[in-house]
Chemist: 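Input: one structure, supplied below.
Here the structure is a predicted model, which means the values were calculated and not measured. Chain A is the first sequence line, chain B the second, and so forth, proteins listed ahead of strands; every chain is numbered from 1.
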There are 2 protein chains.
Amino acid sequence: MAMADVACSDQAGTGRRRFSPLLTIEQVASRTGLTKRTLRYYEELGLLRPTGRSDGNYRLYSEDDVARVERIKELRDLLGFSLAEIRAFLEADDEREQLREAFRQESDAEARLAQLERCDALIQRQLQLIEQKIAGLEQLRASLQARLTRHAQRRTELLQQLPSLDQ
Amino acid sequence: MAMADVACSDQAGTGRRRFSPLLTIEQVASRTGLTKRTLRYYEELGLLRPTGRSDGNYRLYSEDDVARVERIKELRDLLGFSLAEIRAFLEADDEREQLREAFRQESDAEARLAQLERCDALIQRQLQLIEQKIAGLEQLRASLQARLTRHAQRRTELLQQLPSLDQ
DNA sequence: CATAAGCTTACCGTTTACGTCAAGGTTAAG
DNA sequence: CTTAACCTTGACGTAAACGGTAAGCTTATG
């Protein structure tokens, strides 16, 4: 066995984690359910950039990184996005993050408003995509549910036709 | 130019189409937006079986076939299903169709009820898949909308800080 | 009936999204 | 300090989902 704990290992249960202990690729893999290969691949595509590296050049992931991985999984599995699309989606996120940063440094109220506008525009684009998907799915669901209710109707008709149901 | 109209071409606009004119692969391709290659590929995978063939062994598609193609597109684009998953999904549809057929021929009310049960079970499985996807998407949407409302709040704060807005 | 436009099967090429070694450096434990 | 267990970067392999091309048959028109 090797590689016990990489950074400041917080005794389990103390609840305090001022700066969370960075994770190895193996740990991230087991927590996210992805393989190590996949994590490296996502990095290669620019979807993910682990927070740091160890002295020996090992990848080190923060909790934020893990959250990003989860986000990627969501986009991939829920939306069926290609990794290229996810990349674009996440880049919008990143730009929002940069805007947030600029926002905090900006003192001029008008400038801050403009930044909010830009940020909202990015969010709206993402929302549109999602709502489109939802609408399609709801339509599909409706058609299936309609079938179920038709069957329910049929069923009551048939039950009335049945002579009796003793036993 | 060649291949004008394959079957009984209905004068446009009469509205009557007792049995619709079968379509060539080219026509199906242009109507569905898929390529001919893709249509053949889907057939190869067992997703699609054109209603018939011409004397010269040309594929002939019915309107039902076109509807099936649209269904496949929906499942692929909306649900992000793999073609293998779509195949399973459609097989459930097909089994339902067979059950419908059996249902019409069955006279015993009890037997018909049992068939309805089986059919409903198939539908429920499909519904579960869809609702799972919808739930995930709605959560994603909610988080984005929350951001928008936070921004709206911020915006009103900033507007109050602005001294004036003449011009 | 010749001929161009369309269709057929068959086969090879490509992109995406990884899996799978291979060769070699790193780290914790004995 | 050796060694087993991880890690690193290549490099090659592969399944899915088509794209493209070739060789040959079909069909509507001049």
Chemist: Heavy atoms, side chains only, cut-off 4.5 Å: are A:Asp93 and A:Gln126 in contact?
Modeler: yes
Chemist: How about B:Leu75 and B:Leu90: do any of their side-chain heavy atoms sit closer than 4.5 Å?
Modeler: yes
Chemist: Just by protein heavy atoms under 4.0 Å, how would nucleotides 9-15 of chain D read 5' to 3' in B, S and -?
Modeler: B------
Chemist: Rounded to the nearest Å, what distance is computed from the CD atom of residue B:Glu44 to the C1' atom of nucleotide D:dC18?
Modeler: 10 Å
Chemist: Are any of the side-chain heavy atoms of A:Arg147 and B:Arg96 separated by less than 4.5 Å?
Modeler: yes
Chemist: If only side-chain N and O atoms of A:Thr35 are considered, is one of them under 4.0 Å from the OP1 or OP2 phosphate oxygen of C:dC18?
Modeler: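 So the side-chain polar atoms of A:Thr35 never come under 4.0 Å of the phosphate oxygens OP1 or OP2 of C:dC18.
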Chemist: If we only count heavy atoms from C-beta on, is the A:Tyr61 to A:Thr51 side-chain gap below 4.5 Å?
Modeler: no
Chemist: Within this structure, what is the CG-to-C1' distance between A:Leu47 and C:dC18, rounded to whole angstrom?
Modeler: 13 Å
Chemist: Look at the side-chain N and O atoms of B:Lys36 and state whether any lies under 4.0 Å from the OP1 or OP2 oxygen of C:dG6.
Modeler: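 Indeed not, no polar side-chain atom of B:Lys36 lies that close.
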Chemist: Could you state the CG-P distance from A:Leu45 to C:dC18, rounded to the nearest angstrom?
Modeler: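 Result: 9 Å.
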Chemist: Is there a residue in residues 78-93 of chain A whose heavy atoms reach under 4.0 Å of DNA chain C, and which residues are they?
Modeler: A:Ser82, A:Leu83
Chemist: Quick one: is A:Thr24 getting a side-chain N or O under 4.0 Å of the D:dC6 phosphate, OP1 or OP2?
Modeler: no
Chemist: Can you check the A:Glu26 CD to C:dA28 C1' distance for me, whole Å?
Modeler: 16 Å
Chemist: Would you say A:Thr38 places a side-chain N or O within less than 4.0 Å of OP1 or OP2 belonging to C:dA17?
Modeler: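 Answer is no, no contact under 4.0 Å.
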Chemist: Give a yes or no answer on whether the side chain of B:Thr38 reaches the backbone of B:Leu34 with a donor-acceptor pair at less than 3.5 Å.
Modeler: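 No; zero donor-acceptor contacts below 3.5 Å.
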Chemist: Atom CG of A:Asp55 and atom C1' of D:dT8: how far apart are they, to the nearest Å?
Modeler: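 These atoms are roughly 15 Å apart.
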Chemist: Does this structure show an ion pair linking A:Arg141 with A:Glu138, if we count only N-O contacts that are shorter than 4.0 Å?
Modeler: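 Salt bridge: yes.
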Chemist: Does A:Tyr41 make a side-chain donor-acceptor contact with the base of C:dG19, cut-off 3.5 Å?
Modeler: no
Chemist: Using modelled atom types only, decide if a donor and an acceptor are shared between the side chain of A:Arg68 and the backbone of A:Leu47 within a distance under 3.5 Å.
Modeler: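 It does hold such a pair.
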Chemist: Evaluate side-chain contact (heavy atoms from CB on, under 4.5 Å) for A:Tyr58 paired with A:Ile25, printing each intermediate quantity in order.
Modeler: CA-CA 8 Å; A:Tyr58 284 19; A:Ile25 195 172; over 6 Å; no
Chemist: Can you sort out which residues in residues 65-76 of chain B have a heavy atom within less than 4.0 Å of DNA chain C? Ascending by number, please.
Modeler: none
Chemist: So if I apply the salt bridge (Lys or Arg N to Asp or Glu O under 4.0 Å) rule between B:Glu43 and each of B:Arg59, B:Lys36, B:Arg37, B:Arg49, which one comes out positive?
Modeler: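 Testing B:Glu43 for a salt bridge (Lys or Arg N to Asp or Glu O under 4.0 Å) against B:Arg59, B:Lys36, B:Arg37, B:Arg49 leaves exactly one candidate, B:Arg59.
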Chemist: Checking contacts here: which listed nucleotide (C:dT8, C:dT27, C:dG25) is nearest the side-chain heavy atoms of A:Tyr58?
Modeler: C:dG25
Chemist: I want to confirm an ordering. Mapping A:Ile25 and B:Tyr42 to their closest nucleotides on DNA chain D, which one lands closer to the 5' end?
Modeler: A:Ile25
Chemist: When you check the gap from the basic side-chain N to the acidic O, do A:Arg31 and A:Glu70 get nearer than 4.0 Å?
Modeler: no
Chemist: Between A:Arg40 and A:Glu44, does any side-chain N to carboxylate O distance fall below 4.0 Å?
Modeler: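 Result for this pair is no, no salt bridge flagged.
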Chemist: Please report the interatomic distance CG(B:Leu122) to CG(B:Leu99), rounded to the nearest 0.5 Å.
Modeler: 7.0 Å
